[in-house]
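Here the structure is a predicted model, which is why all the values come from computation and not from measurement. Lettering follows sequence order; numbering is per chain, from 1. The figures that follow rest on heavy atoms only: side chains count, while hydrogens, waters and symmetry mates do not.
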Protein chains: 2
Amino acid sequence: MNSMSLSLTHRQQEVLGFIREQQQTQGTAPSLREVAAHFGFRSMTAAADHVKALRRKGYLTHRPHQARSLRALPLAVDTHHPVERGRIVDIPVYGSIPAGFADDRRQEGREGCISVDVETLGISPSSRTFALEVRGNSMEGRHILNGDYAILEHGMDPRPGDVVAALIDNESTLKTFVKQHGKTWLKAENPSYPDFIPAQELVIQGVMVALIRKYR
Amino acid sequence: MNSMSLSLTHRQQEVLGFIREQQQTQGTAPSLREVAAHFGFRSMTAAADHVKALRRKGYLTHRPHQARSLRALPLAVDTHHPVERGRIVDIPVYGSIPAGFADDRRQEGREGCISVDVETLGISPSSRTFALEVRGNSMEGRHILNGDYAILEHGMDPRPGDVVAALIDNESTLKTFVKQHGKTWLKAENPSYPDFIPAQELVIQGVMVALIRKYR
DNA sequence: TTTAATACTGTTCATATGAACAGTATGAGT
DNA sequence: ACTCATACTGTTCATATGAACAGTATTAAA
C-alpha cells in the first residue's frame, strides 16, 4: 500500500530524527559510521540499511559516493510524528549589498543571520535567499520601515507590483517593480524619493518574499 | 592590524560566496576539490589556502579531517568561538485568541506554527511567546497590515507606546498602549476605529515584540 | 508456507577527501 | 633589500567514507 510504504518504523523515525538534528545543530549531515556509532550499531550496514529505507520512502536524499550528502526532505505529513518542523534555513543578513552580490562588507557588528523554517516565510529552499536591513523610509508607503528586515530571493522573476532590491548607484535599494506599456521601471513608495528609470539595464538582486520587524 | 586581518580579498569573497551558495542550495558544503574545480584551480591546494585564510579571519569553521564540514559563520564578532545558532522555538499561531487564552481549540490543518531562532526575533525564551494573525487594518497607522503575523510575549510589562494584544469583547485585538495623566487606555492606529477606555480592568494578553509578513 | 521487509553483525574494497610538502610568482608594506 | 600575505601548480599520503557482499533473526503480510 502507498500509505504503508510511506510510514516509518520507530527505529527509522529515530534515525531520521538524528540525521535532522545533526544537520541542524552541526551544519553538516552525519556519516553512516556516525549514525551507527550514535545508535550503538556494531556495523555500519545497519545505518546504511535504515538510510536506504528512508530514501526509498522519500524522507531523505543523497548524492551517491558523496560524503555527508544526506539531506532530510521537507515532507508534508509524518503521521507518527505530528510535530514535524520544516527545514530551518540560515539566511544571511546584509547591511547593504555591494555590486558583487556574494560580497559581504563587515558592518558594525550586526548579527548576520536569521534562522527560520522555510514554511514560516514561504520560501523555496532551492533559490538563494538573503535578508537586507532596510535603510531609510523610501518604502513607507508600502509599510516597510527603517530597520525592518526584508527577506529576498535571488533569481526570481519579478512581477509588476513586487518589491525588489535593485542596484542603484552601487547601493542596494528597495523599490516597487512597475511594468507599464512594455516599459519597466522602479517606483519609490514615498513622495520625497525619486522613481528610478533605468538608463539601460535593470539589475534586480532579489524579489521580496517576506518581512521581519523587531519591536523593543 | 585588526581591520586588515578581517578584510577579505576579492578572491576570498568569491570563494566564501561559493561555499555559502552551495551550502544553501545543495544542503551540503563543497569539498575542497569542488571549490578548486569551480574556480578552475588546477590544484586543490589553492582552494585549501583560501579556506585556510577564511578560517583564520573568522568567516568559516570546519572540523579537521571531516569531509564537507565547512561551515560559513554569520559575520560575527571577533570571538573565534564558533557562533552557534540560537535555540529554535516553535511559536503557536492563533487566528484569534479566545477568552481562555491557553485554550487550544481547533488545531485544524492550518499552519499553526512559526519556527524561528530566538535571536532573530529578539525574544526571551522564558516568557510565553505566541503569534497572532492580524485581522483588519486597525493598526495600519503603525504599518501593521491585515494578514501580518504579530509575535507577542505574554507576561511582559507594557510600556507606553507598545503595541499590545488585549481582550476586547471576547476578541483579541491589537492596539497601542497609552498612559497619560496616570490613566491607561488603548489607542487604535486608524481614525475609523475607536479607542478603548477600559471600564475597570485592562486585560493585556501580550506585548508585541516582532512582526512577520509574507509577500506573494 | 512462502515471501518480503525490518534489523541487525562482520568484512572488504575503491575512492573521495583533507592535509602536508615543495615549489613559483606578484605585490604591498617596512 | 627584506619580509609577508596572496595566489596559485603539482604531487603524495593517510584515512574517512560510501558501497557491496555474505550472513542471522524476527515479524508481518500474501
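In this structure, CZ of B:Arg11 is placed 8 Å from P of D:dA7, rounded to the nearest angstrom. Spacing between atom CG of A:Asp49 and atom P of D:dG23 amounts to 16 Å, rounded to whole angstrom units. Atom-to-atom, CD of A:Gln66 to P of C:dG18 comes out at 10 Å; the value is rounded to the nearest Å. Atom pair A:His65:NE2 and C:dT17:C1' shows a separation of 15 Å (rounding to whole Å applied). The distance from atom CZ of B:Arg68 to atom P of D:dG18 is 10 Å, rounded to the nearest whole Å. Remark: P of C:dA20 and CG of B:Leu32 are 12 Å apart, rounded to the nearest angstrom. Rounded to whole Å, atom P of C:dG18 lies 17 Å from atom CZ of B:Arg71. Rounded to whole angstrom, the span from the CZ atom of B:Phe41 across to the P atom of C:dG18 amounts to 15 Å.
Closest contact between the side chain of A:Arg56 and the listed nucleotides C:dC21, C:dA5, D:dA19 involves C:dA5. Considering only the side chain of A:Ala46, C:dC8 comes nearest among D:dA19, C:dC8, C:dA19. Comparing D:dT17, C:dA19, D:dG10 by their closest approach to the side chain of A:Arg33 singles out D:dT17.
Listed here is the closest heavy atom pair of B:Arg68 and A:Thr28: O-CG2, 3.1 Å. Residues A:Asp162 and A:Arg142 approach most closely at C-NH1, 4.4 Å, considering heavy atoms.
Looking only at distances, no side-chain donor or acceptor of B:Asp49 sits under 3.5 Å from a matching main-chain atom of B:Ala46. With A:Thr45 contributing its side chain and A:Ala48 its backbone, the two residues share no donor-acceptor pair below 3.5 Å.
For A:Pro64 and B:His50, each mapped to the nucleotide of DNA chain D holding its nearest heavy atom, the one lying further toward the 5' end belongs to B:His50.
Between A:Phe39 and A:Phe18, the ring planes are perpendicular. Angles over 60° get that label, and only those under 30° would be called parallel.
OP1 or OP2 of C:dA19 lies within a sub-4.0 Å distance of a side-chain N or O belonging to B:His62. OP1 or OP2 of C:dG10 sits under 4.0 Å from a side-chain N or O of A:Arg42. Applying the 4.0 Å criterion to OP1 and OP2 of C:dA5, one finds that A:Gln12 has every side-chain N and O outside that range. Phosphate proximity of D:dT11 to B:Ser43: absent, as no side-chain N or O sits under 4.0 Å from OP1 or OP2.
Residue contacts for A:Thr45: at a heavy-atom cut-off of 4.0 Å it reaches a base atom on one of the strands shown.
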